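Have a look at the structure below before the remarks.
As the structure is a prediction and not an experimental result, all values here were calculated from the model. Numbers restart at 1 for each chain; the letters A, B, ... are given by sequence-line order, proteins then strands.
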There are 2 protein chains.
Amino acid sequence: MIELSKAEFEVLDAVWINYPATASEVIARLSDDKEWHEKTIKTLLSRLVKKGALSFEKQGRQYNYTPCIAREEYTLKESQSFIERFFNGHIAPLVSGFAKSEQLSQHDIDELKKVIDDWEKQQK
Amino acid sequence: MIELSKAEFEVLDAVWINYPATASEVIARLSDDKEWHEKTIKTLLSRLVKKGALSFEKQGRQYNYTPCIAREEYTLKESQSFIERFFNGHIAPLVSGFAKSEQLSQHDIDELKKVIDDWEKQQK
DNA sequence: AATTTAAGATTACACGCGTAATCAATTAAT
DNA sequence: ATTAATTGATTACGCGTGTAATCTTAAATT
């Protein structure tokens with residue numbers, strides 16, 4: 001599995017919004033939430049390329065970056081390893097923890113029900 | 001929030017099994033799964049103390065370590081920040097990702113249903 | 001009493017990460 | 001044609017982490 005740092009993921013996340021994307025586009029997308037220096041973001045883009053999370057094509061003197069993995073794929077892998085580490089591979093205890101600490105809204109519950117519904121339909 | 005590294009968490013996890021626990025007990029508990037050197041584990045115990053995750057009492061020349069936080073409390077915080085980072089604070093998409101990739105067993109579904117049931121009962 | 005052992009304290013060290021600054025080269029502007 | 005600006009490449013640097021080795025001191029053994 002490609003291992004990304006927190007900051008690297010956030011940059012990749014900005015590319016996922018819409019790609020291919022140039023460095024300046026990524027910098028623009030991040031400028032609202034982050035106080036990162038332009039140079040910092042470019043460093044992170046390079047590291048993402050080096051790690052195989054981004055590819056690029058030259059367009060004049062700029063690069064057009066494209067993710068090498070889908071967001072869903074990456075977050076699934078991360079979720080698996082998270083749940084493995086903290087809950088021995090079982091997802092229910094995580095949800096249960098949220099429930100106990102009153103972190104769940106009716107909306108969350110509805111969404112969860114739908115997930116379960118869909119799962120059961122698909123079983124048949 | 002106390003920030004623990006992966007290795008630190010695994011050592012703390014071995015203390016949570018049963019405490020107070022001496023260094024040798026922790027080392028013994030970890031020896032099955034891990035190839036860690038005894039010195040490595042002691043380093044991690046010290047770092048956990050320094051970070052305020054463990055406290056200890058002297059017992060002769062040994063220390064008796066006790067966690068300063070409950071496992072549930074720690075994993076809840078970690079889960080929150082994980083779900084915030086990857087799923088914008090919503091838990092259902094995580095579960096949904098598992099479902100789509102066929103990571104859910106009937107048993108998981110049953111447990112999730114129970115969590116939902118309990119939540120709804122408690123709402124009334 | 002002297003010596004060995006063992007526990008925790010201190011030190012070590014390379015690598016990844018956050019956070020840029022500087023360098024080199026090419027394009028845009030004058 | 002020069003010069004200025006901008007892009008990606010390279011270099012920097014302190015801190016955390018994984019992974020111990022060495023040091024110090026007190027207890028256990030002989």
Side-chain angles (χ1 to χ4, degrees), chain A residues 1-15 19-31 33-67 74 78 81-82 85-86, chain B residues 1-15 19-68 74 78 81-82 85-86:
Chain A
M1 181 167 71
I2 296 178
E3 296 276 0
L4 304 182
S5 77
K6 249 169 137 165
E8 284 160 0
F9 175 79
E10 294 191 62
V11 171
L12 179 53
D13 217 7
V15 180
Y19 52 84
T22 65
S24 351
E25 283 169 343
V26 174
I27 290 166
R29 286 173 199 172
L30 288 166
S31 67
D33 310 294
K34 292 288 165 183
E35 300 291 299
W36 284 336
H37 195 286
E38 159 216 2
K39 301 291 189 184
T40 299
I41 297 175
K42 288 188 175 187
T43 297
L44 292 168
L45 284 169
S46 306
R47 289 182 185 170
L48 284 164
V49 169
K50 196 172 179 187
K51 288 190 177 184
L54 282 181
S55 68
F56 64 86
E57 294 213 344
K58 262 184 194 157
Q59 173 91 112
R61 68 168 156 169
Q62 301 195 152
Y63 287 177
N64 268 70
Y65 295 95
T66 306
Y74 182 78
E78 282 298 316
S81 92
F82 180 86
R85 294 198 310 118
F86 291 102
Chain B
M1 182 166 70
I2 296 179
E3 297 276 359
L4 304 181
S5 78
K6 249 169 135 163
E8 284 159 0
F9 174 79
E10 294 191 63
V11 171
L12 179 53
D13 216 7
V15 180
Y19 50 85
T22 64
S24 348
E25 284 168 343
V26 174
I27 291 167
R29 286 173 199 171
L30 288 167
S31 67
D32 290 337
D33 311 293
K34 292 288 167 183
E35 300 290 300
W36 284 336
H37 194 286
E38 160 216 2
K39 301 291 189 183
T40 300
I41 297 174
K42 287 188 174 186
T43 298
L44 292 169
L45 284 169
S46 305
R47 289 182 185 171
L48 284 164
V49 169
K50 196 171 179 187
K51 288 188 176 185
L54 283 180
S55 68
F56 65 86
E57 294 214 344
K58 262 185 194 156
Q59 173 90 114
R61 68 169 158 171
Q62 301 195 150
Y63 288 178
N64 270 68
Y65 295 95
T66 305
C68 300
Y74 182 78
E78 282 298 316
S81 92
F82 180 86
R85 292 198 313 116
F86 291 103

L30(B) CG - dG18(D) P separation (whole Å): 13 Å

When you measure from the side-chain N and O atoms of T40(A) to the phosphate of dA20(C), is any distance below 4.0 Å, counting only OP1 and OP2? yes

Using a 4.0 Å cut-off on protein heavy atoms (strictly under), produce a 5'-to-3' string for nucleotides 22-28 of chain D with B for base contact, S for backbone-only sugar-phosphate contact, and - for none. B---BS-

To the nearest angstrom, the CD-P distance between E35(A) and dA20(C) comes to 10 Å

In whole angstrom, what separates Q62(A)'s CD from dA25(C)'s C1'? 15 Å

Tell me the interatomic distance from H37(A), atom NE2, to dG8(D), atom P, rounded to whole angstroms. 15 Å

Rounded distance (Å) that lies between atom P of dG8(D) and atom CD of E38(A): 9 Å

Give the rounded distance in Å between these two atoms: CD1 of I27(A) and P of dT7(D). 8 Å

Please state how far atom CD in E3(B) lies from atom P in dG16(D), giving the value in whole angstrom units. 12 Å

Distance, nearest 0.5 Å, that separates NZ of K34(B) from CG of D32(B): 12.0 Å

Distance-only donor-acceptor hits, side chain of residues 37-49 of chain B, under 3.5 Å, sequence neighbours excluded:
unit_1	atom_1	unit_2	atom_2	d
H37(B)	ND1	K39(B)	N	2.9
T43(B)	OG1	K39(B)	O	3.0
S46(B)	OG	K42(B)	O	3.0

Would you say W36(B) places a side-chain N or O within less than 4.0 Å of OP1 or OP2 belonging to dA20(D)? no

Any idea which of dT7(D), dG18(D), dG8(D) is nearest the S24(A) side chain? dT7(D)

Does anything in residues 41-54 of chain B reach DNA chain C, meaning a heavy atom under 4.0 Å, and if so which residues? K42(B), R47(B)

Compare every heavy atom of G52(A) with every heavy atom of I2(A), then report the nearest pair and how far apart it is. CD1-O, 3.5 Å

Degree of bending in the helix from dA1(C)-dT30(D) to dT30(C)-dA1(D) once both end axes are built from five pairs, to 10°: 10°

Side-chain N or O of T22(B) versus OP1/OP2 of dA7(C): is the shortest distance under 4.0 Å? no

If you define the side chain from C-beta out and look only at heavy atoms, does anything of E10(B) sit under 4.5 Å from R85(A)? no

With sequence neighbours left out, the residues meeting ring-ring contact (aromatic ring centres under 6.0 Å, His included) with Y74(A) are F9(A)

Close side-chain approach of K58(A) and Y63(A), heavy atoms under 4.5 Å: yes

What is the distance, to the nearest angstrom, from the CD atom on E57(A) to the P atom on dG8(D)? 14 Å

Specify the closest pair of heavy atoms between K51(A) and L4(A), including all atoms of both residues, with the distance to one decimal. CD-CD2, 3.9 Å

Which pair of heavy atoms, one from Y65(B) and one from Y19(B), lies closest together, and at what distance? O-CB, 3.9 Å

Which is more 5' along DNA chain C, the nucleotide nearest N64(B) or the one nearest K6(A)? Just name the residue. N64(B)

Extract all donor-acceptor atom pairs below 3.5 Å that involve side chains of residues 20-28 of chain A and protein atoms in other chains or at least two apart in sequence.
unit_1	atom_1	unit_2	atom_2	d
T22(A)	OG1	E25(A)	N	3.2
E25(A)	OE1	T22(A)	N	2.8

